[in-house]
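To start, the structure under review is shown below, and the notes come after it.
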Protein chains: 2
Amino acid sequence: MPRPRRPLLTRDRIVETALALIDADGLGALSTRRLAAALGVQGPSLYNHFATKDEILDAVADTVTGAVDTSGFASRDWLAALRDWAWSYRRALTSHPNIVPYLAQGPGRRPAALAMADAVYGGLVRAGWPPARATHIGAALRYFVAGSALGSFARGFVEDPELYAAHYPHLRQAHRLAEHQQSVDEGAFALGLDALLHGLAAEYTRTVETVESARPTG
Amino acid sequence: MPRPRRPLLTRDRIVETALALIDADGLGALSTRRLAAALGVQGPSLYNHFATKDEILDAVADTVTGAVDTSGFASRDWLAALRDWAWSYRRALTSHPNIVPYLAQGPGRRPAALAMADAVYGGLVRAGWPPARATHIGAALRYFVAGSALGSFARGFVEDPELYAAHYPHLRQAHRLAEHQQSVDEGAFALGLDALLHGLAAEYTRTVETVESARPTG
DNA sequence: CTCATAAACTAGCGGTGTAAGTTTTCATTC
DNA sequence: GAATGAAAACTTACACCGCTAGTTTATGAG
């Protein structure tokens, strides 16, 4: 087949289909040939639109990141904004858990990821956090969210009662974790996030507010 | 070559070499043929000792997890034990960051990972946390540690000043993050862990201690 | 109308995990 | 001590992988 009258592929269609395949079958199951087949095309044709497979994955990752809402940093206090962002971030990642390991490499050059980092860091600095602290807070929350989305804690335990009964006295109920996956994973996230933010709020009053009150107000 | 007089391979030697290759060149660079070559052997010979490549990776992951120290749960109060564990866990993972994405799938059937989960959960329950809470706390800390080890936050940003200057006003210094990788990543971990534990301590006095004091002492 | 570019194709390279079957040695049993 | 079965190396081979190179033809710009 020569060049068709209307292009069979677009970047958007490729990204869309790749994400669907990743969601359905996992990151490891995405090959250029399988992706091309799903698009009704031969494998190497993809390389007319993307230079490498990683470039496709970058684009997929960025559409996932694009769903994260950082608008709170423009309208709410820093603590509420952090909470909203963390939940939105988590929702975006858990909607497409299979891409998370790839995404966890950092923002790189992906625009949506950079825009998110910019909004979070800017919001924290504007709230009075020293720059180094703002970096640490953004990183800490990313650690927590990414870790929580990377793999279900609950599904990490095999559903085999005998495995635990034999040698792990406290894990006798672990085989039932998978049944309650969502409530376990979300409960752990909620508890951890609340604890984290509680601790940050204490740190804020301890450092930022006292420092500011000791200075002439700007 | 037929069966040799003394075995050329042992499970330990395979795991050791696999970990060294992963540390050196990354998880993606570990192939059965390259691993076999490093062991002075042909690729398929590995299958006399492991059924699949994943089984090799399981063994590698478990030796990494085996370096985590959970002894604090037997000797110290729950808060100090959690802190010691989290740092030890992080050190174990950051010593072999390339295996972390694999390890993040959960304990599965790996003995060291299960023993760790058992110690943490048991320690928290013994301290008076309700079982569901203990699960959430263990999960939340795993999220945080795994997220922090999964990929460096600092190295996630490209060293290209022009990238940030153009469109991300608050990230003007982001290209310098990689220079300070260790202090950024460790600082973020320290801050986040302290905040998390601070929040948990508050929760403990709010729920566990008040509930116990309302009951007849056991 | 010309012509470079774009977008599909086919063929193929070197790599992957692993299944199958072969050979020889080791360890066990009669 | 001979027989036997398992163990541990090997070779060969299959289907798949990411990607390159070169081909063909339609498109859009000059």
Side-chain angles (χ1 to χ4, degrees), chain A residues 1-62 98-99 101-103 105 108-110, chain B residues 1-61 98-99 101-103 105 108-109:
Chain A
M1 190 195 299
R3 172 175 188 177
R5 284 145 201 288
R6 278 211 50 217
L8 304 178
L9 297 177
T10 63
R11 285 176 68 99
D12 281 354
R13 237 167 67 70
I14 293 171
V15 170
E16 223 172 83
T17 308
L19 181 54
L21 284 181
I22 291 170
D23 284 345
D25 303 326
L27 194 56
L30 185 81
S31 75
T32 55
R33 292 184 232 264
R34 281 199 359 116
L35 173 56
L39 290 158
V41 123
Q42 298 296 320
S45 299
L46 298 171
Y47 290 89
N48 288 312
H49 302 265
F50 290 93
T52 65
K53 185 190 180 187
D54 263 19
E55 228 176 63
I56 300 176
L57 289 174
D58 267 356
V60 171
D62 220 36
N98 294 336
I99 191 73
Y102 185 84
L103 203 139
Q105 296 175 200
R109 302 178 166 276
R110 294 183 282 107
Chain B
M1 192 193 301
R3 175 175 185 178
R5 284 145 202 288
R6 277 210 51 216
L8 305 179
L9 297 177
T10 64
R11 286 175 67 99
D12 281 354
R13 238 167 65 71
I14 293 171
V15 169
E16 223 172 82
T17 308
L19 182 53
L21 284 181
I22 291 170
D23 284 346
D25 304 325
L27 194 56
L30 184 81
S31 77
T32 54
R33 291 184 231 267
R34 281 199 358 117
L35 173 55
L39 289 159
V41 124
Q42 297 296 320
S45 299
L46 298 170
Y47 291 88
N48 288 313
H49 301 265
F50 290 94
T52 64
K53 184 190 180 186
D54 263 18
E55 229 177 61
I56 300 176
L57 289 175
D58 266 356
V60 171
N98 295 336
I99 190 73
Y102 185 84
L103 202 140
Q105 295 173 202
R109 301 178 166 277

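Chain letters run A, B, ... following the sequence lines, proteins first, then strands; residues in each count from 1. All heavy atoms count here, side chains included; hydrogens, waters and symmetry mates do not.
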TODO: Please report, rounded to the nearest Å, how far the C1' atom of dG17(C) is from the CG atom of Leu35(B).
DONE: 13 Å

Open item on the list: Restricting to side chain to side chain donor-acceptor pair (under 3.5 Å), what partner residues turn up for Asn98(B), sequence neighbours left out?
Closed with: none

TODO: State whether Ser45(B) places a side-chain N or O below 4.0 Å from either non-bridging phosphate oxygen (OP1 or OP2) of dC10(D).
DONE: yes

Task: Residues forming a side chain to side chain donor-acceptor pair (under 3.5 Å) with Arg109(A), sequence neighbours excluded - done: Asp160(B)

Open item on the list: Expressed as a whole number of angstroms, how long is the span from Leu9(B):CG to dC26(C):C1'?
Closed with: 16 Å

Open item on the list: What is the separation between atom CD on Gln42(B) and atom C1' on dG17(C), rounded to the nearest whole Å?
Closed with: 15 Å

- [ ] Nearest 0.5 Å please: distance from the CZ atom of Arg13(B) over to the NE2 atom of His49(B).
- [x] 9.5 Å

- [ ] For DNA chain D, determine which residues of residues 14-33 of chain A have any heavy atom closer than 4.0 angstrom to one of its atoms, and list them numerically.
- [x] Leu30(A), Ser31(A), Thr32(A), Arg33(A)

Open item on the list: Rounded to whole Å, please give me the gap between CG in Leu39(B) and C1' in dA8(D).
Closed with: 14 Å

- [ ] Sequence neighbours left out, what passes side chain to side chain donor-acceptor pair (under 3.5 Å) with Asp12(A)? Give chain and number order.
- [x] none

- [ ] Mind calculating the distance between CG (Leu8(A)) and P (dT25(D)) to the nearest angstrom?
- [x] 16 Å

Open item on the list: Using 0.5 Å steps for rounding, measure from the CG atom of Leu30(A) to the CD1 atom of Ile99(A).
Closed with: 8.0 Å

- [ ] Could you state the atom-to-atom distance from CD of Glu55(A) to C1' of dC19(D) in whole Å?
- [x] 13 Å

- [ ] Please test Ile56(A) against Leu35(A) for side chain to side chain contact (heavy atoms under 4.5 Å, CB included), starting from the C-alpha separation and ending with a verdict.
- [x] CA-CA 11 Å; Ile56(A) 300 176; Leu35(A) 173 56; 4.2 Å; yes

Open item on the list: Let's see if you get this right: which residues in residues 46-54 of chain B place a heavy atom under 4.0 Å from DNA chain D?
Closed with: Asn48(B), His49(B)

Open item on the list: For a side chain to side chain contact (heavy atoms under 4.5 Å, CB included) check, start with the C-alpha distance between Thr52(A) and Leu57(A), then their side-chain angles and the critical distance, and finish with the verdict.
Closed with: CA-CA 9 Å; Thr52(A) 65; Leu57(A) 289 174; over 6 Å; no

Open item on the list: Under the salt bridge (charged side-chain N to carboxylate O under 4.0 Å, His left out) definition, can you give me all pairs with a residue in residues 24-50 of chain B, not counting sequence neighbours?
Closed with: Asp25(B)-Arg34(B)

Open item on the list: In the structure I gave you, are the side-chain heavy atoms of Thr32(B) and Tyr47(B) within less than 4.5 Å of one another anywhere?
Closed with: yes

Open item on the list: I need the CZ-P distance between Arg34(A) and dG18(D), as an integer number of Å.
Closed with: 10 Å

